[in-house]
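Naming: A, B, ... by sequence-line order, numbering from 1 per chain.
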Amino acid sequence: MSTPGMNASSGSPGSSNPEYVTARVRARRGVLFDDDEYSKLVRMSPAEIARYMEESEYEQEINALGSRHSGVDLIEYALNRNLARHFDALLGFAEGQLYDLIARYLRKFDAWNVKTVFRGVYTDADSEAVETDMIRAGEFDDALINRLLEAGTVEDVVTVLDGTMFGDAVDAAFEDFQESETLVPLENAVDRAFYEQLLGTLPSGEAIDLYREFLEAEIDFRNVRNALRLARSGAEIDPGEYFIDGGRLFSASEMTTLVENTDELVARIRESRYGTKLSEPLDELEAADSLIDFERALEGVLLRYSKQLGNVHPLSICPVVAYILMKEREVTNIRAIARGREAGLSETAIEQELVIL
Amino acid sequence: MSLELTSQVGNIVLTSGNAGAAAEAAASAAAEAASSTGALSPSAAAALGVGLAAFGAGYAERGIGAAAVGAMAENEDLFVRGLILTVLPETLVILALVAIFLV
């Protein structure tokens, strides 16, 4: 049987169980907030949003955190915890190769946690504050995260990371850090280690090939975003440092030259395979010069892409990744609404901040 | 190995059901030997057919059952719907039973 995504397992024992996992994922996708709920939320104050969340999916987290936090903080921590609970559950019921692929993608949160710890240590934040910002959705277990939190210096963090997938990369970047005294080399090393393992030695199969294309698109979009941001900021930074390998759009050296010439960069994207999908946002970018809108459009395109892929290959990693992206999006949306309301933004301004499909 | 067996069984079923000519051309030596000695009576062939149909139904139910249980774990109201969808492939076996009454 060579059903897509069901080849011989690698890593975790047993054969994969895409039927079971995708059925559960689809059910969870069904309870994500929809347009109507968003338009209700946009009209609420942070306290009302928290109360609304208490009556939804997020009940457990709001109740657990309600005594310690309040207002927007409560919402934010509840969102992060809920995200972690759902993604941990995904890893709990996936088996075999499917587990492997999901874990690879969820290591994104390990990378996030490591970067948060680095920043916390660097700015001398107390470990409790750092702990609330952790998203325990990746593969790092609580013991490892606690050891990371206990680390007092950047060097300690690097030592704790020894033996994890970030170990070698962080070790190599530590010298740069000592020279430059900025976190940029370490953060880039973490990101690169994550994307390397994401694309490295993917199994074969029709669904996996499409999935690989999707991952390449994700990396390309990230590079485009970084390139445009660097071009806008006009800072004297080597764009190659921020380049993530594995995309199809351009190489590190090409990125360096394209950053200096935004028009050429836009033309390059237009000619690429993302041209048709991105033509509208690119027009807007050229006309309005607004990077924020363009970045949001990129996310929307990626989200639609993953969703479409999930429909093409319903019994594979694709619908699971689509769900992961949608859930992340929901969390960002609600956070944007809560923060926006707190800052007193108008409803239309907040609605523009949201990415809703 | 198993593939070979299936094709042989298929040949036996076909030849003993008098649909011989086309099948015989493609039949392997082993299958021909089996059919020429008449090792399989028509009712035995029908029984094999039902067994194969049941096998197929079982395989189909494997995936549907897993998905149904997944859906039920998220929402218990789906129990009845899941149960119905899970046993739908059983119709395959019921249709295959027709062969028993025809021989």
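Among all heavy-atom pairs drawn from B:Gly70 and A:Arg24, the shortest one is O-CG, 3.3 Å. The two atoms that bring B:Ala67 and A:Ala23 nearest to each other are O-CB, 3.1 Å, heavy atoms only. Scanning all heavy atoms of the two residues, the minimum distance from B:Ala73 to A:Tyr20 falls at CB-OH, 4.4 Å.
When the shell of 6.0 Å around CZ of A:Arg104 is examined, it contains more than 12 heavy atoms from other residues, nucleotides or ligands. For CZ of B:Arg81, the number of neighbouring non-hydrogen atoms (other residues, nucleotides, ligands) closer than 6.0 Å is 12 at most.
With respect to B:Glu74 and A:Arg26, no salt bridge is recorded, no charged nitrogen being found less than 4.0 Å from a carboxylate O.
For the side-chain hydrogen bond (donor to acceptor under 3.5 Å, both in side chains) condition, no pair includes a residue of residues 83-97 of chain B, sequence neighbours left out.
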